[in-house]
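Report on one structure; see the data block that follows.
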There are 2 protein chains.
Amino acid sequence: MESIIIDMDEVMADTMRGMINWYRENGYDGAIDFGKMPGGSWIKGFPEQHQAMVRSHIFDPGFFRNLPVMKDCAEVIEQLNKKYRVFIVSAAMEFPHSLKDKLDWLNEHFTFLTWQQFVFCGSKSIVQGDHMIDDLVRNFTGFKGKPYLFSGPHNSEISGYDRLNSWKEVAAVFL
Amino acid sequence: MESIIIDMDEVMADTMRGMINWYRENGYDGAIDFGKMPGGSWIKGFPEQHQAMVRSHIFDPGFFRNLPVMKDCAEVIEQLNKKYRVFIVSAAMEFPHSLKDKLDWLNEHFTFLTWQQFVFCGSKSIVQGDHMIDDLVRNFTGFKGKPYLFSGPHNSEISGYDRLNSWKEVAAVFL
(Lines give C-alpha, C1' and ligand atoms only; values in the text may rest on other atoms or scores of the structure.)
Protein backbone atom coordinates (compact mmCIF):
# COMPACT_ATOMS: atom_id res chain seq x y z
CA MET A 1 0.00 0.00 0.00
CA GLU A 2 1.49 3.35 -1.00
CA SER A 3 1.76 6.18 1.49
CA ILE A 4 0.47 9.75 1.22
CA ILE A 5 1.87 12.48 3.46
CA ILE A 6 -0.66 15.29 3.89
CA ASP A 7 0.08 18.74 5.30
CA MET A 8 -2.37 20.46 7.67
CA ASP A 9 -2.24 24.27 7.39
CA GLU A 10 -3.59 25.60 4.07
CA VAL A 11 -4.24 22.02 2.91
CA MET A 12 -6.58 20.41 5.46
CA ALA A 13 -7.15 23.46 7.65
CA ASP A 14 -8.10 26.86 6.26
CA THR A 15 -5.62 28.72 8.44
CA MET A 16 -5.82 31.94 6.43
CA ARG A 17 -9.62 31.99 6.65
CA GLY A 18 -9.42 31.28 10.39
CA MET A 19 -7.17 34.31 10.79
CA ILE A 20 -9.41 36.55 8.68
CA ASN A 21 -12.41 35.45 10.78
CA TRP A 22 -10.55 36.28 14.01
CA TYR A 23 -9.46 39.64 12.58
CA ARG A 24 -13.03 40.60 11.70
CA GLU A 25 -14.47 39.28 14.98
CA ASN A 26 -12.05 41.51 16.83
CA GLY A 27 -13.41 44.58 15.11
CA TYR A 28 -10.79 45.14 12.43
CA ASP A 29 -12.09 46.10 9.01
CA GLY A 30 -8.78 46.53 7.13
CA ALA A 31 -8.88 45.25 3.55
CA ILE A 32 -7.29 41.84 2.91
CA ASP A 33 -5.17 42.09 -0.24
CA PHE A 34 -4.81 38.62 -1.78
CA GLY A 35 -2.58 40.12 -4.47
CA LYS A 36 0.16 40.72 -1.88
CA MET A 37 0.33 37.08 -0.76
CA PRO A 38 2.14 35.37 -3.67
CA GLY A 39 5.81 34.62 -3.06
CA GLY A 40 5.44 35.03 0.68
CA SER A 41 2.90 34.22 3.33
CA TRP A 42 -0.79 35.10 3.53
CA ILE A 43 0.18 37.39 6.41
CA LYS A 44 1.40 39.83 3.73
CA GLY A 45 -2.21 40.26 2.65
CA PHE A 46 -3.16 41.92 5.94
CA PRO A 47 -2.70 45.69 6.36
CA GLU A 48 0.95 46.38 7.20
CA GLN A 49 0.21 47.92 10.59
CA HIS A 50 -1.58 44.69 11.67
CA GLN A 51 0.86 42.08 10.37
CA ALA A 52 2.88 41.80 13.59
CA MET A 53 -0.32 41.32 15.59
CA VAL A 54 -1.58 38.69 13.14
CA ARG A 55 1.75 36.85 13.27
CA SER A 56 1.69 36.91 17.05
CA HIS A 57 -1.85 35.49 17.19
CA ILE A 58 -0.58 32.32 15.47
CA PHE A 59 1.28 31.57 18.72
CA ASP A 60 -1.79 32.00 20.94
CA PRO A 61 -3.37 28.91 22.55
CA GLY A 62 -6.59 28.05 20.75
CA PHE A 63 -5.81 29.53 17.34
CA PHE A 64 -5.29 26.17 15.61
CA ARG A 65 -8.13 24.52 17.55
CA ASN A 66 -10.94 26.32 15.75
CA LEU A 67 -9.83 26.50 12.13
CA PRO A 68 -12.34 25.69 9.38
CA VAL A 69 -11.81 22.40 7.55
CA MET A 70 -11.13 22.81 3.81
CA LYS A 71 -14.08 21.99 1.59
CA ASP A 72 -14.43 18.23 0.81
CA CYS A 73 -11.22 17.48 2.72
CA ALA A 74 -12.65 15.15 5.37
CA GLU A 75 -14.71 13.15 2.88
CA VAL A 76 -11.77 12.67 0.49
CA ILE A 77 -9.26 11.74 3.22
CA GLU A 78 -11.73 9.18 4.55
CA GLN A 79 -11.65 7.51 1.13
CA LEU A 80 -7.87 7.88 0.73
CA ASN A 81 -7.48 6.20 4.11
CA LYS A 82 -8.93 3.00 2.64
CA LYS A 83 -6.49 2.84 -0.29
CA TYR A 84 -3.29 4.38 1.10
CA ARG A 85 -1.25 4.62 4.25
CA VAL A 86 -2.21 8.16 5.15
CA PHE A 87 0.04 10.30 7.38
CA ILE A 88 -0.83 13.82 8.49
CA VAL A 89 2.46 15.70 8.86
CA SER A 90 2.48 19.22 10.23
CA ALA A 91 5.48 21.47 10.84
CA ALA A 92 3.89 22.45 14.13
CA MET A 93 6.91 22.54 16.42
CA GLU A 94 7.49 26.28 15.87
CA PHE A 95 4.19 26.92 17.66
CA PRO A 96 4.32 25.16 21.05
CA HIS A 97 0.66 25.77 21.89
CA SER A 98 -0.47 24.43 18.55
CA LEU A 99 0.49 20.83 19.34
CA LYS A 100 -2.46 19.93 21.57
CA ASP A 101 -4.79 22.20 19.56
CA LYS A 102 -3.89 20.43 16.32
CA LEU A 103 -4.28 16.99 17.85
CA ASP A 104 -7.71 17.90 19.25
CA TRP A 105 -8.71 19.41 15.89
CA LEU A 106 -7.71 16.22 14.05
CA ASN A 107 -9.55 14.05 16.57
CA GLU A 108 -12.70 16.17 16.19
CA HIS A 109 -12.90 16.38 12.39
CA PHE A 110 -11.10 13.22 11.26
CA THR A 111 -12.47 10.58 13.60
CA PHE A 112 -11.54 7.79 11.15
CA LEU A 113 -7.81 8.56 11.56
CA THR A 114 -5.77 7.36 14.55
CA TRP A 115 -2.90 8.92 16.49
CA GLN A 116 -0.53 6.49 14.79
CA GLN A 117 -1.03 8.53 11.60
CA PHE A 118 -0.09 11.95 13.01
CA VAL A 119 3.35 13.56 12.88
CA PHE A 120 4.25 17.00 14.29
CA CYS A 121 7.73 18.07 13.28
CA GLY A 122 9.96 21.04 12.73
CA SER A 123 11.63 20.11 9.45
CA LYS A 124 9.91 17.70 7.05
CA SER A 125 13.30 16.61 5.66
CA ILE A 126 13.20 13.55 7.93
CA VAL A 127 9.90 12.23 6.57
CA GLN A 128 9.69 9.79 3.67
CA GLY A 129 6.83 8.29 1.69
CA ASP A 130 5.42 7.83 -1.80
CA HIS A 131 3.39 11.04 -2.21
CA MET A 132 3.37 14.39 -0.43
CA ILE A 133 0.63 17.04 -0.63
CA ASP A 134 1.80 20.40 0.70
CA ASP A 135 1.33 24.12 0.05
CA LEU A 136 4.99 25.03 0.72
CA VAL A 137 7.66 23.93 -1.75
CA ARG A 138 10.36 24.12 0.94
CA ASN A 139 8.76 21.04 2.49
CA PHE A 140 9.58 19.03 -0.66
CA THR A 141 13.35 19.47 -0.14
CA GLY A 142 14.95 16.03 0.20
CA PHE A 143 11.63 14.24 -0.35
CA LYS A 144 12.17 11.20 -2.58
CA GLY A 145 8.50 10.54 -3.39
CA LYS A 146 6.24 12.56 -5.66
CA PRO A 147 5.34 16.10 -4.53
CA TYR A 148 2.00 17.81 -5.21
CA LEU A 149 1.57 21.52 -4.57
CA PHE A 150 -1.78 22.33 -2.98
CA SER A 151 -2.82 25.70 -4.36
CA GLY A 152 -3.36 28.78 -2.22
CA PRO A 153 -3.08 32.53 -2.80
CA HIS A 154 0.44 32.55 -1.27
CA ASN A 155 1.86 30.05 -3.80
CA SER A 156 -0.01 31.09 -6.97
CA GLU A 157 3.16 32.26 -8.76
CA ILE A 158 5.13 29.04 -8.29
CA SER A 159 5.57 26.77 -11.30
CA GLY A 160 7.24 23.41 -11.92
CA TYR A 161 5.03 21.27 -9.66
CA ASP A 162 1.95 19.18 -10.23
CA ARG A 163 -0.84 21.19 -8.63
CA LEU A 164 -3.93 20.20 -6.72
CA ASN A 165 -6.42 23.07 -6.69
CA SER A 166 -9.06 21.50 -4.47
CA TRP A 167 -9.88 18.31 -2.59
CA LYS A 168 -12.10 17.31 -5.53
CA GLU A 169 -8.89 17.32 -7.59
CA VAL A 170 -7.10 15.25 -4.93
CA ALA A 171 -9.90 12.69 -5.27
CA ALA A 172 -9.62 12.72 -9.07
CA VAL A 173 -5.86 12.03 -8.93
CA PHE A 174 -5.70 9.45 -6.14
CA LEU A 175 -9.06 7.67 -6.05
CA MET B 1 26.45 15.03 7.14
CA GLU B 2 24.81 11.82 8.34
CA SER B 3 21.66 11.89 10.42
CA ILE B 4 20.97 10.32 13.81
CA ILE B 5 17.42 9.78 15.01
CA ILE B 6 17.26 9.67 18.81
CA ASP B 7 14.33 8.44 20.87
CA MET B 8 13.26 10.26 24.06
CA ASP B 9 11.70 7.91 26.61
CA GLU B 10 14.18 5.45 28.14
CA VAL B 11 16.95 6.86 25.95
CA MET B 12 17.18 10.60 26.72
CA ALA B 13 14.61 10.71 29.51
CA ASP B 14 14.59 8.28 32.43
CA THR B 15 10.86 7.70 32.24
CA MET B 16 10.93 4.59 34.46
CA ARG B 17 12.89 6.42 37.16
CA GLY B 18 10.47 9.36 36.93
CA MET B 19 7.58 6.98 37.54
CA ILE B 20 9.29 5.26 40.47
CA ASN B 21 9.99 8.68 42.01
CA TRP B 22 6.33 9.66 41.63
CA TYR B 23 5.21 6.32 43.08
CA ARG B 24 7.39 6.78 46.17
CA GLU B 25 6.48 10.45 46.59
CA ASN B 26 2.83 9.45 46.66
CA GLY B 27 3.42 7.16 49.60
CA TYR B 28 3.59 3.78 47.87
CA ASP B 29 6.27 1.41 49.10
CA GLY B 30 5.54 -1.63 46.89
CA ALA B 31 8.68 -3.41 45.67
CA ILE B 32 9.77 -2.69 42.09
CA ASP B 33 10.70 -6.01 40.44
CA PHE B 34 13.13 -5.33 37.57
CA GLY B 35 13.10 -9.05 36.76
CA LYS B 36 9.49 -8.76 35.55
CA MET B 37 10.23 -6.04 32.98
CA PRO B 38 12.01 -7.96 30.19
CA GLY B 39 9.89 -8.76 27.16
CA GLY B 40 7.30 -6.16 28.10
CA SER B 41 7.23 -2.73 29.61
CA TRP B 42 8.73 -1.42 32.83
CA ILE B 43 5.15 -1.10 34.09
CA LYS B 44 5.27 -4.88 34.66
CA GLY B 45 7.84 -4.27 37.39
CA PHE B 46 5.33 -2.42 39.56
CA PRO B 47 3.08 -4.40 41.94
CA GLU B 48 0.17 -5.81 39.96
CA GLN B 49 -2.48 -3.92 41.93
CA HIS B 50 -0.79 -0.61 41.02
CA GLN B 51 -0.08 -1.18 37.32
CA ALA B 52 -3.34 0.36 36.06
CA MET B 53 -2.74 3.45 38.18
CA VAL B 54 0.85 3.74 36.95
CA ARG B 55 -0.27 3.36 33.33
CA SER B 56 -2.92 6.01 33.83
CA HIS B 57 -0.40 8.48 35.34
CA ILE B 58 1.52 8.44 32.03
CA PHE B 59 -1.46 10.31 30.53
CA ASP B 60 -1.49 13.01 33.22
CA PRO B 61 -0.37 16.54 32.34
CA GLY B 62 3.08 17.20 33.77
CA PHE B 63 4.37 13.62 33.91
CA PHE B 64 6.78 14.02 30.99
CA ARG B 65 7.75 17.56 32.04
CA ASN B 66 9.76 16.55 35.08
CA LEU B 67 11.60 13.40 34.03
CA PRO B 68 15.29 13.03 34.91
CA VAL B 69 17.74 13.31 32.02
CA MET B 70 19.78 10.14 31.43
CA LYS B 71 23.37 10.35 32.69
CA ASP B 72 25.78 12.01 30.20
CA CYS B 73 22.99 12.34 27.62
CA ALA B 74 22.97 16.14 27.26
CA GLU B 75 26.78 16.40 27.02
CA VAL B 76 27.01 13.66 24.37
CA ILE B 77 24.12 14.97 22.24
CA GLU B 78 25.71 18.44 22.32
CA GLN B 79 28.80 16.90 20.72
CA LEU B 80 26.81 14.72 18.29
CA ASN B 81 24.97 17.87 17.20
CA LYS B 82 28.24 19.24 15.78
CA LYS B 83 29.00 16.16 13.65
CA TYR B 84 25.56 14.86 12.64
CA ARG B 85 22.12 16.06 11.71
CA VAL B 86 20.42 15.16 15.00
CA PHE B 87 16.67 14.56 15.17
CA ILE B 88 14.79 13.80 18.38
CA VAL B 89 11.87 11.56 17.45
CA SER B 90 9.32 10.57 20.07
CA ALA B 91 6.21 8.41 19.62
CA ALA B 92 4.37 10.92 21.80
CA MET B 93 1.05 11.15 19.98
CA GLU B 94 -0.58 8.44 22.15
CA PHE B 95 -0.27 10.83 25.10
CA PRO B 96 -1.91 14.13 24.14
CA HIS B 97 -0.75 16.02 27.23
CA SER B 98 2.84 14.90 26.72
CA LEU B 99 3.33 17.02 23.58
CA LYS B 100 3.83 20.40 25.25
CA ASP B 101 5.52 18.77 28.26
CA LYS B 102 8.08 17.06 26.03
CA LEU B 103 8.75 20.21 24.03
CA ASP B 104 9.28 22.22 27.23
CA TRP B 105 11.53 19.47 28.64
CA LEU B 106 13.68 19.48 25.49
CA ASN B 107 13.91 23.27 25.53
CA GLU B 108 14.98 23.23 29.18
CA HIS B 109 17.64 20.53 29.06
CA PHE B 110 18.85 20.67 25.45
CA THR B 111 19.17 24.39 24.79
CA PHE B 112 21.60 23.77 21.91
CA LEU B 113 18.90 21.96 19.88
CA THR B 114 16.20 23.81 17.93
CA TRP B 115 12.55 23.07 17.22
CA GLN B 116 13.50 22.15 13.66
CA GLN B 117 15.11 19.00 15.11
CA PHE B 118 12.06 17.69 17.02
CA VAL B 119 9.51 15.17 15.75
CA PHE B 120 6.49 13.87 17.69
CA CYS B 121 4.77 11.02 15.91
CA GLY B 122 2.59 7.99 16.38
CA SER B 123 4.37 5.45 14.20
CA LYS B 124 8.08 5.86 13.45
CA SER B 125 7.65 3.97 10.17
CA ILE B 126 7.48 7.28 8.31
CA VAL B 127 10.86 8.52 9.54
CA GLN B 128 14.10 7.91 7.66
CA GLY B 129 17.75 8.63 8.38
CA ASP B 130 21.19 7.03 8.66
CA HIS B 131 21.17 5.90 12.31
CA MET B 132 18.44 5.31 14.88
CA ILE B 133 18.93 4.94 18.65
CA ASP B 134 15.83 3.50 20.35
CA ASP B 135 14.90 1.21 23.23
CA LEU B 136 11.99 -0.45 21.39
CA VAL B 137 12.71 -2.78 18.48
CA ARG B 138 9.24 -2.19 17.01
CA ASN B 139 10.44 1.31 16.11
CA PHE B 140 13.08 -0.18 13.78
CA THR B 141 10.41 -1.73 11.51
CA GLY B 142 10.81 -0.32 8.01
CA PHE B 143 13.84 1.76 9.00
CA LYS B 144 16.45 1.62 6.24
CA GLY B 145 19.37 3.05 8.26
CA LYS B 146 21.31 1.34 11.03
CA PRO B 147 19.44 0.59 14.27
CA TYR B 148 21.03 0.66 17.75
CA LEU B 149 19.15 -0.73 20.73
CA PHE B 150 19.57 1.45 23.83
CA SER B 151 19.59 -0.93 26.78
CA GLY B 152 17.01 -0.88 29.55
CA PRO B 153 15.60 -3.48 31.95
CA HIS B 154 12.55 -3.97 29.67
CA ASN B 155 14.67 -5.01 26.62
CA SER B 156 17.44 -6.99 28.33
CA GLU B 157 16.41 -10.31 26.74
CA ILE B 158 16.43 -9.09 23.15
CA SER B 159 19.30 -10.17 20.92
CA GLY B 160 20.29 -9.48 17.32
CA TYR B 161 20.90 -5.74 17.59
CA ASP B 162 23.96 -3.61 18.22
CA ARG B 163 23.49 -2.34 21.75
CA LEU B 164 24.32 0.93 23.41
CA ASN B 165 24.40 0.49 27.19
CA SER B 166 25.02 4.10 28.17
CA TRP B 167 25.60 7.55 26.70
CA LYS B 168 29.32 6.99 27.24
CA GLU B 169 28.98 4.11 24.77
CA VAL B 170 27.06 6.33 22.34
CA ALA B 171 30.00 8.74 22.45
CA ALA B 172 32.48 5.93 21.86
CA VAL B 173 30.59 4.72 18.77
CA PHE B 174 29.71 8.04 17.14
CA LEU B 175 32.30 10.60 18.23
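Chain naming here is simple, since letters A, B, ... match the order of the sequence lines and numbering starts at 1 in each. No experiment lies behind these values; they were computed from the predicted model shown.
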Working to the nearest 0.5 Å, report the span between CD of B/Gln116 and CD1 of A/Ile126.
13.0 Å
CD-OG distance between B/Gln128 and A/Ser125, expressed to the nearest 0.5 angstrom
12.0 Å
A/Gln117, part contacting chain B, at a heavy-atom distance under 4.5 Å:
neither
When you compare the side chain of B/Lys100 with that of A/His97, does any pair of heavy atoms fall below 4.5 Å?
yes
Give a yes or no on whether A/Met93 and A/Leu103 share a hydrophobic cluster (residues Ile, Leu, Val, Met, Phe, Trp, Tyr; joining criterion: side-chain heavy atoms under 4.5 Å apart).
yes
Derivation of the side chain to side chain contact (heavy atoms under 4.5 Å, CB included) call for B/Leu99 and A/Phe120:
CA-CA 9 Å; B/Leu99 300 173; A/Phe120 296 159; 4.1 Å; yes
Is B/Phe118 reachable from B/Ile5 through a run of I, L, V, M, F, W or Y residues, each pair having side-chain heavy atoms under 4.5 Å apart?
no
Hydrophobic cluster membership, with links at side-chain heavy-atom distances under 4.5 Å among I/L/V/M/F/W/Y: are A/Val89 and A/Ile77 in one?
no
Under a single-linkage definition using a 4.5 Å side-chain heavy-atom cutoff for Ile, Leu, Val, Met, Phe, Trp and Tyr, are A/Tyr161 and A/Val173 assigned to the same hydrophobic cluster?
no
Cluster question for you: counting only ILVMFWY and a side-chain heavy-atom cut-off of under 4.5 Å, with indirect links fine, are A/Leu149 and A/Phe34 together?
no
Rounded distance [0.5 Å steps], CH2 in A/Trp115 versus SG in B/Cys121
9.5 Å
